[in-house]
Amino acid sequence: MMIVMKAGATDAEIDAVVARVEGVGARAHVSRGEEVTLIGAIGDREKEARIQLDGHPGVAQVVPILKPYKLASLEMRRGEASVLDIAGAKVGGPHFALIAGPCTIETRDQTLQSAAAVKAAGATMFRGGAYKPRTSPYSFQGLGQEGLRLLQEAKEQTGLPVVTELMDARDLEPVLEVADVIQVGARNMQNYPLLAEIGRSGRPALIKRGLSSTLEELLMAAEYILKEGNESVMLCERGIRTFETAYRFTLDLMAVPVLKQMTHLPVIVDPSHAAGRRDLVGPLSLAAAAAGADGIIVEVHPEPDEAICDGPQALRTDEFAAYADQVRRAAELAGKVVPAAAPAR
Ligand code: PEP
Ligand code: MN
């Protein structure tokens with residue numbers, strides 16, 4: 001259930017409600033808004049039923065949340081979208097994030113060139129994998145810690161926050177040194193211990209929807225992170241498996257407006273992994289932005305033909321500025337504010 005405190009409820013009143021919630025063995029998640037404080041009381045139904053708050057000082061309203069995902073639910077924020085602040089880059093509500101970079105960190109030149117190009121075109125965050133989930137165990141698995149060092153250099157040169165994937169909780173510490181956002185790959189969406197570790201780290205997270213996962217399963221994955229007190233989670237639609245064989249995955253754009261009816265968390269779209277083909281990335285990105293996505297995460301490479309991983313789907317750095325312009329226009333149509341490209345130097 002969600003407990004809405006009165007505007008002006010005192011700290012002592014809030015603490016008393018938290019004590020009441022914890023007293024029956026449920027967990028209390030306090031979220032202090034500008035006007036009111038909300039307290040999520042999460043436990044099984046029996047525990048929640050024992051929390052008696054009628055007439056409790058400072059309590060305005062008690063709202064039951066019937067969905068299996070509680071902290072992720074739209075009701076938990078009284079219908080208001082969450083805005084995440086990722087080292088100054090906002091995402092959610094009216095704020096659109098353009099996250100771009102190579103699939104994989106390969107070399108220093110490739111990394112720094114990509115980062116400079118996406119920054120100049122107005123990207124708000126830089127992506128790149130140091131640890132790569134590959135279908136074949138014989139494929140290149142990423143540069144690991146060396147890749148993280150290159151990401152750090154890209155961050156220092158551009159000032160862009162870095163999004164990078166964590167596959168194994170044993171790599172959490174080095175990843176935390178550079179990642180402003182920890183990406184959870186589609187294949188790890190249901191790796192619950194990994195999600196809980198990321199939750200405990202407190203670092204913003206981006207969860208990719210699993211290849212065959214329902215939206216409810218995606219929200220339950222987010223719940224694992226939120227439950228640890230980490231409120232900075234964004235969701236990413238990246239294509240699901242269907243019967244269609246004419247393209248790699250089916251980009252489920254209906255997920256964008258539907259998720260927005262289910263959750264307050266920002267919803268972004270990855271057209272690159274859905275399509276697997278560069279020529280589809282533009283139209284899918286426009287459709288996603290126009291559908292109200294809170295951002296796009298897209299792959300870019302200075303020399304896609306030479307890329308070790310995912311070259312066929314990567315946009316070329318020299319075509320990225322024109323692409324970014326179009327995406328910006330589509331996002332603006334949907335009522336988003338998109339930061340403009342940096343003026344050329
Ligand atoms: C990626 O973003 O590079 C990636 C591997 O994505 P996904 O987990 O969606 O396949
Ligand atoms: Mn990739």
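Atoms within a ligand are numbered from 1 in the order they appear, just like the ligands themselves.
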Determine the minimum heavy-atom distance between [X] and [Y], stating which atoms define it.
{"X": "G128", "Y": "T164", "value": "O-OG1, 2.6 Å"}
{"X": "S82", "Y": "R77", "value": "OG-NH1, 2.7 Å"}
{"X": "R134", "Y": "C309", "value": "CZ-SG, 3.6 Å"}
{"X": "E217", "Y": "S212", "value": "OE1-O, 4.0 Å"}
{"X": "M1", "Y": "M76", "value": "O-CE, 4.4 Å"}

Quick check: of its N, O or S atoms, which one does [X] have closest to the Mn ion (ligand 2)?
{"X": "E299", "value": "OE2"}
{"X": "H273", "value": "NE2"}
{"X": "D310", "value": "OD2"}

* Got P133 and E165 here, is their nearest side-chain heavy-atom distance under 4.5 Å? -> yes
query: Would you call D180 and R203 a salt bridge, using N to O less than 4.0 angstrom?
result: no
Less than 4.0 Å from some atom of ligand 1, heavy atoms are found in residues C103, R127, K132, P133, Q183, G185, A186, R187, K208, R238, H273, E299
Near the Mn ion (ligand 2), is there an N/O/S atom from C309 that is less than 2.8 Å away? no
Is the NZ or CZ atom of R238 both under 6.0 Å from the centre of the six-membered ring of F249 and within 45° of that ring's axis?
yes
